[in-house]
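We're numbering straight along the sequence, starting at 1. No hydrogens, no waters, no symmetry mates; every other heavy atom, side chains included, goes into these values.
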Amino acid sequence: MEESPINCLLVFILLTCPVFASSFDGPLYDFTAYTECKAEVERPLYNGGILKDQPAVKDSETSGVYSPAFILHNLTPGNIYCFSSWVKIEGASSALITASLNTENKTYNCIGTVLAKQGCWSFLKGGFILDSPSKLSILYFQNSDNKDLKIEVASTSLQPFTDQQWRMNQQYIINTKRKRAVTIHVSNVQGQTLQGAEISIEQVAKDFPFGSAIAKTILGNLPYQNWFAKRFNAAVFENELKWYATEPEQGKVNYNISDQMMEFVRANQIIARGHNIFWEDPRYTPAWVLNLTGPALQSAVNSRIQSLMSQYREEFIHWDVSNEMLHFDFYEQKLGPNATLHFFETAHRSDPLSTLFMNDFNVVETCSDVNSTVDNYISRLKELRRGGVFMDGIGLEGHFTTPNLPLMRAILDKLATLGLPIWLTEVDISNTLDKETQAVYLEQVLREGFSHPSVNGIMLWTALHPNGCYQMCLTDNNLQNLPAGDVVDKLLKEWRTGEIGGETDDHGSYSFFGFLGEYKISVKYGNKTASSTFSLCQGAETRHVSIQL
């Protein structure tokens with residue numbers, strides 16, 4: 001197994017940055033994952049971690065209740081445990097295998113899943129965080145399909161991280177993936193370096209898309225518009241583009257509301273996701289569509305795509321083409337198994353520069369939903385790609401109750417093997433929790449998303465309505481921050497290069513690390529001044545900018 005390039009980079013940082021090295025005492029997180037079924041297993045991550053040289057317990061030792069299994073001693077609450085194993089089955093061509101954990105106080109029903117196959121090894125990656133200490137726990141594998149199978153495991157690993165170690169690993173990725181070194185060189189027109197020139201630097205735009213859903217409630221509400229535009233560089237319309245909103249009666253198409261929302265987006269130079277063309281859930285399909293069949297339904301869906309895409313061609317960076325297709329299949333039941341493929345093909349022809357996304361829930365939130373396990377998502381996406389779908393994107397809604405951070409990261413690792421853009425598209429925390437707990441969990445999820453090297457953008461699902469939000473609001477109706485809003489403002493400030501400055505050194509240079517985005521520089525030397533702009537995009541090399549006075 002080749003060493004992960006990210007891990008090599010983190011080792012380099014440890015060796016070259018004494019501040020990091022002196023405060024870091026734990027393992028580097030291993031982003032390695034596999035989606036293919038292999039004839040031979042790879043070596044265990046972390047050399048097995050605390051399971052090094054510990055064999056799995058067999059049927060005869062556990063009375064067949066937990067098989068295979070690992071006996072764990074003295075697990076620590078609050079620690080983040082990363083788990084992985086290679087799994088092979090006998091007795092069926094394929095089966096969903098679930099890893100679970102039993103402690104004295106609680107059963108963690110799903111800490112990872114894999115769609116295992118007969119005759120080759122499949123890679124399971126997941127994890128858990130304990131609520132309370134456990135002197136004796138059992139980590140075991142079971143067949144979720146209730147088939148009579150033999151399960152075999154190999155190269156199993158369990159690696160603990162303290163909360164501090166986890167945060168340090170996150171910060172390494174932020175420093176290397178979301179930031180870059182810059183050196184400003186100042187000279188006169190003869191090329192002589194100018195020591196002591198005053199440098200003032202301001203980041204004027206962020207590269208990483210971080211936004212939220214908006215609704216028609218933002219129209220005409222100038223304070224809300226200003227509040228939103230001050231914070232976010234991306235938006236998604238909550239319901240206003242959905243078929244039931246734009247064509248509630250057949251043939252009566254109305255884009256008046258979504259057009260006005262698009263004007264707000266354009267006026268504030270915000271990018272927008274297109275959500276959605278179709279929704280497979282019949283509860284959110286226009287009532288008049290439900291009764292259509294055959295050619296009449298096909299004609300209606302063709303008109304929907306043609307109308308929507310011609311209205312907004314090249315306006316949206318993404319389209320959620322067939323929303324929640326892992327959980328529902330209204331159109332495929334009505335139009336046949338290739339209906340979704342047809343949607344993607346037609347959408348691509350209509351707007352070839354927009355990235356077309358699958359979008360679904362319970363992919364990173366949990367592994368207990370058999371419809372949307374990571375392997376199920378990957379399988380469906382590969383099926384679309386084999387059918388010729390272009391420019392695919394991975395949309396993960398992110399409607400969390402209690403986040404399982406190592407599981408979330410493991411699933412992102414596995415999805416990242418596909419090499420496609422990954423977005424968290426509808427992030428919120430359940431309103432079954434109090435607002436303070438919502439804020440704590442929201443910060444955990446946002447840090448996890450921003451610090452994963454394969455996540456390209458994050459969207460919150462927090463459109464403000466007079467009667468509240470879908471699950472979680474950032475502010476009250478007077479735009480005063482709730483705890484979740486305080487978290488967002490804190491992270492927005494943390495993930496932006498503030499106004500910085502200083503003087504050039506004896507080489508006429510000034511260096512800093514900045515978040516990716518657009519910058520404005522002002523330079524003053526004696527009675528001379530100059531200004532310039534530059535873009536800071538991702539790259540391993542230092543970005544050099546020269547200014548003459």
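- For Y284 and F330, the distance between ring centers is not under 6.0 angstrom.
- The nearest pair of heavy atoms linking R283 to D281 is NH2-OD2, 2.7 Å.
- At a cut-off of 3.5 Å, with distance as the only test, a side-chain donor of D489 or N481 sits close to an acceptor on the other residue.
- Here the rule is ring-ring contact (aromatic ring centres under 6.0 Å, His included) with H275, and of W461, F237, W319 only W461 fits it.
- Counting only distance, with no hydrogens or angles, the side chain of Y255 and the backbone of L308 share a donor-acceptor pair below 3.5 Å.
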Worked verdict on L460 versus L446 for side-chain contact (heavy atoms from CB on, under 4.5 Å): CA-CA 9 Å; L460 302 169; L446 294 180; 3.9 Å; yes

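- Salt bridge status for R380 with E332: present, with a side-chain N to carboxylate O gap under 4.0 Å.
- E249 contributes no side-chain N or O that, together with a main-chain N or O of E247, makes up a donor-acceptor pair within less than 3.5 Å.
- Annotation for E503: atom CD counts as buried by contact number, over 12 foreign heavy atoms lying within 6.0 Å.
- Defined by atom type and a distance below 3.5 Å, a donor-acceptor pair is missing between the side-chain atoms of Y525 and T504.
- Here the side chain of S451 pairs a donor or acceptor atom with the backbone of R447 at under 3.5 angstrom.
- From Q203, atom CD reaches atom CG of L536 across 8.0 Å, with rounding to the nearest 0.5 Å.
- Considering CE of M325 and CG of D320, their distance stands at 11.5 Å, rounded to 0.5 Å.
- In this structure a side-chain-to-backbone donor-acceptor pair under 3.5 Å is missing from N323 to N276.
- Residues S372 and D360 have side chains that never bring a donor and an acceptor to within less than 3.5 angstrom of each other.
- The closest donor-acceptor contact from the side chain of T346 to the backbone of F343 lies at 3.5 Å or more, if one exists at all.
- A donor-acceptor pair is defined here as one N or O able to donate and one able to accept, closer than 3.5 Å; such a pair exists between the side chain of R304 and the backbone of I277.
- Residues R180 and L516 are in side-chain contact: their nearest non-hydrogen atoms beyond the backbone lie under 4.5 Å apart.
- Heavy-atom minimum distance, A197 versus V186: CB-CG1, 4.1 Å.
- In terms of modelled atom types and a separation under 3.5 Å, the side chain of S299 and the main chain of P295 share no donor-acceptor contact.
- In summary, the side chains of N175 and Q171 do present a donor paired with an acceptor at a separation below 3.5 Å, with no hydrogens or angles considered.
- Between E280 and S322, the side chains place a donor N or O and an acceptor N or O closer than 3.5 Å (distance only, hydrogens not considered).
- A cation-pi arrangement, defined by a distance under 6.0 Å to the six-membered ring centre and an angle within 45 degrees of its axis, is absent between R543 and F534.
- Proximity of Q260 to K216: side-chain heavy atoms (C-beta onward) are nowhere separated by under 4.5 Å.
- The minimum heavy-atom distance linking N239 with K242 is given by the pair OD1-NZ, 2.7 Å.
- Each of T462, L491, V427 was scored for a side-chain contact (heavy atoms from CB on, under 4.5 Å) with L442, with one residue passing: V427.
- Relative ring orientation between F316 and Y312 is described as perpendicular, the plane-to-plane angle rising above 60° on a 0-90° scale split at 30° and 60°.
- Ionic pairing of D207 and R178 is not present here: no N-O contact between side-chain nitrogen and carboxylate oxygen is shorter than 4.0 angstrom.
- The existence of a salt bridge linking R273 and E426 is excluded, since no basic side-chain nitrogen approaches an acidic carboxylate oxygen closer than 4.0 Å.
- A donor-acceptor contact shorter than 3.5 Å links the side chain of K125 to the backbone of T32.
- A donor and an acceptor atom, one from each side chain of T437 and D434, are located under 3.5 Å apart.
- Annotation: the span from N431 atom CG to Q471 atom CD amounts to 4.0 Å, rounded to 0.5 Å.
- Aromatic rings from W279 and F328 are positioned such that their centres are separated by 6.0 Å or more.
- Going from atom OG of S354 over to atom NE2 of H348 covers 10.5 Å, rounded to the nearest 0.5 Å.
- Between P209 and W423 the shortest heavy-atom distance is CB-CH2, 3.4 Å.
- Two rings, from F450 and W495, have their centers less than 6.0 Å apart.
- Of the N and O atoms on the side chains of Q311 and D259, at least one donor lies less than 3.5 Å from an acceptor on the other residue.
- Looking at Q298 and N302, their side chains do bring a donor and an acceptor atom within 3.5 Å of each other.
- Side-chain atoms of L412 and L396, non-hydrogen and from C-beta on, do get closer than 4.5 Å to each other.
- Side chains of S511 and T183: a donor on one and an acceptor on the other come within 3.5 Å.
- Here the CD1 atom belonging to I458 is positioned 11.0 Å from the CZ atom belonging to F232, to the nearest 0.5 angstrom.
- Residues N477 and L464 are in side-chain contact: their nearest non-hydrogen atoms beyond the backbone lie under 4.5 Å apart.
- A ring-centre distance under 6.0 Å is found for F357 and H318.
- T497 contributes a side-chain N or O that, together with a main-chain N or O of F515, makes up a donor-acceptor pair within less than 3.5 Å.
- Side chains of T475 and Q480: a donor-acceptor N/O pair is absent below 3.5 angstrom, by distance only.
- Taking CZ of R386 as the reference point, atom NZ of K382 lies at 8.0 Å (rounded to 0.5 Å).
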